[in-house]
Amino acid sequence: MDPIRVVQLSDLHFSTKPGGYMLRDTAETFGAVADQVRDEAPDLVVVTGDIANEGKTDEYELAGDALAALGLPVHCLAGNHDFVDPLHAVLPRPDVAVQRSLRLGNWVFLFGDSNRDGGDHHPETGWTDHEDRVDIARGGLTRQETTWLRRQLDLGEAEHAMLWLHHPPGGKGMFEQPGFDDEIRELFGAATPIRAISAGHEHAGVSRDVAGVPSHVCPSTGVSIDFDALLLMPPGYRRFTFHDDGRIDTEIVWLDDDRWNDRWKLPEWVAEYFAGQMTDDEMKARVAEGR
Ligand SMILES: [Fe+2]
Ligand SMILES: [Fe+2]
């Protein structure tokens with residue numbers, strides 16, 4: 001079987017407000033990323049959440065149109081900035097799906113929900129989002145989500161599994177998430193078919209190790225940051241190649257475009273915001289003050 005080529009996009013933060021999200025017009029940056037991805041023509045595009053900035057219907061209309069214009073099969077999952085009902089009602093198109101698993105050759109792709117604290121399960125009505133889920137930076141798996149993921153893995157329908165999430169496990173320092181990391185480790189078990197995890201949320205391009213399984217983070221198509229040097233990075237994404245023997249190649253692609261190549265030094269508070277130590281409203285106030 002030919003290798004499966006996938007492009008991961010994350011943290012699109014589509015907004016209908018003037019000025020977009022933080023420092024950039026996210027529809028414009030997404031358009032530039034989309035032009036490049038369309039030319040690459042991967043087999044699949046995976047979008048790992050924060051598709052909208054405020055989880056609003058009109059943001060999903062914009063995002064759905066932009067994703068459909070890729071002309072490629074697209075699979076999406078929700079981040080903390082997404083609200084599940086409007087996302088499911090408005091985003092899907094003939095080529096833009098929100099289904100939770102996908103079989104490709106001897107691979108199964110699982111699209112997990114890491115927004116444990118972003119809402120509640122109800123026996124009769126399903127899932128309800130919390131109003132403040134945008135400000136909940138920490139990831140986690142609900143009991144129901146862990147059960148679902150285990151069940152998918154136990155089915156054993158594919159030799160190799162790839163787990164896509166919004167929140168990345170395995171972070172250190174300000175991105176450390178002890179409870180979440182333990183949940184992920186428990187999920188692996190002794191003979192996990194999970195070959196890697198890839199997520200977004202941190203708006204950075206890094207890779208780590210969680211109990212021997214690679215855990216990748218995909219840059220944002222809008223605002224990405226090099227947290228070591230505290231530099232604003234160009235819009236970016238990740239390329240993946242999945243081989244039928246379970247090997248995965250991945251690399252980060254930063255857009256080479258004069259509009260976003262400045263790599264500005266950022267103020268310290270930006271790191272606080274991404275670590276969940278500042279609400280979205282406080283962040284917007286700082287941006288408005290130019291600090
Ligand atoms: Fe985000
Ligand atoms: Fe996020």
Side-chain angles (χ1 to χ4, degrees), residues 8-17 19-27 29-30 33 46-56 59-60 62-63 66-67 76-84 86-87 91 111-119 129-141 145 163-171 174-177 180 184 197-206 215-227 232-238 252 260 266 269-284 286-287:
Q8 182 188 7
L9 307 177
S10 202
D11 295 270
L12 286 46
H13 288 268
F14 269 91
S15 173
T16 51
K17 294 203 171 140
Y21 172 65
M22 287 190 83
L23 306 154
R24 285 188 174 142
D25 180 332
T26 45
T29 57
F30 181 84
V33 169
V46 172
V47 184
T48 47
D50 286 0
I51 297 163
N53 190 41
E54 296 180 45
K56 295 200 166 132
E59 295 175 334
Y60 291 116
L62 273 182
L67 289 168
C76 302
L77 58 82
N80 54 309
H81 282 250
D82 293 308
F83 282 73
V84 172
L87 185 152
L91 192 71
F111 302 90
D113 187 341
S114 56
N115 296 285
R116 180 190 57 207
D117 302 328
D129 291 316
H130 292 159
E131 281 307 310
D132 64 348
R133 69 182 260 141
V134 167
D135 295 322
I136 298 168
R138 180 160 289 203
L141 302 174
E145 187 65 14
L163 178 56
W164 305 97
L165 297 169
H166 179 62
H167 300 81
M174 67 183 168
F175 291 123
E176 198 164 340
Q177 308 194 60
F180 182 35
I184 293 286
I197 295 170
S198 197
H201 183 64
E202 289 179 12
H203 291 233
V206 291
S215 171
H216 304 292
V217 184
C218 178
S220 164
T221 58
V223 178
S224 289
I225 293 160
D226 174 339
F227 282 101
L232 179 66
M233 299 297 286
Y237 59 98
R238 254 187 197 278
I252 295 160
W260 305 296
L266 293 166
W269 65 258
V270 171
E272 286 170 36
Y273 169 68
F274 280 96
Q277 293 156 1
M278 183 186 287
T279 67
D280 237 47
D281 283 339
E282 286 165 348
M283 177 276 286
K284 283 175 199 154
R286 292 284 185 100
V287 172

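A quick note: this is a predicted structure, and the numbers were derived from the prediction, not measured. Both counts, for ligands and for their atoms, begin at 1 and track the order of listing.
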Asker: To the nearest 10 degrees, could you say what angle the Fe ion (ligand 1) makes with OD2 of D50 and NE2 of H203?
Answerer: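 It rounds to 170°.
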
Asker: Can you tell me if, anywhere in H81, an N/O/S atom lies at a distance from the Fe ion (ligand 2) that is smaller than 2.8 Å?
Answerer: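 No - counting backbone and side chain alike, H81 has no N, O or S atom under 2.8 Å.
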
Asker: When you measure from the Fe ion (ligand 2) to each N, O or S atom of H201, which atom gives the shortest distance?
Answerer: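 So the atom name we want here is ND1.
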
Asker: Tell me if a side-chain donor or acceptor on T29 pairs with a main-chain N or O of P235 at a distance below 3.5 Å.
Answerer: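 A pair under 3.5 Å: no.
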
Asker: Drop me the distance from L67's CG to L9's CG, to the nearest 0.5 angstrom.
Answerer: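 L67 CG to L9 CG: 7.5 Å, rounded to 0.5 Å.
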
Asker: What distance do T26 atom OG1 and I51 atom CD1 have between them, rounded to the nearest 0.5 Å?
Answerer: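 Between atom OG1 of T26 and atom CD1 of I51 there are 12.5 Å.
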
Asker: Given NE2 of H166 on one side and OD1 of N80 on the other, what angle do they make at the Fe ion (ligand 2), to 10°?
Answerer: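 H166 NE2 and N80 OD1 form an angle of 90° at the Fe ion (ligand 2).
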
Asker: Spell out, as yes or no, whether a donor-acceptor pair under 3.5 Å connects the side chain of H203 to the backbone of S220.
Answerer: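 Checking the backbone N and O of S220 against the side chain of H203, no donor-acceptor pair under 3.5 Å is found.
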
Asker: Nearest N/O/S atom of D11 with respect to the Fe ion (ligand 1), by atom name, please.
Answerer: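 Nearest to the Fe ion (ligand 1) within D11's N, O and S set: OD1.
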
Asker: Which of these, H166, H216, H81, sits in a ring pair (Phe, Tyr, Trp, His ring centres under 6.0 Å) with H201?
Answerer: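 The ring pair (Phe, Tyr, Trp, His ring centres under 6.0 Å) with H201 is passed solely by H166 among H166, H216, H81.
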
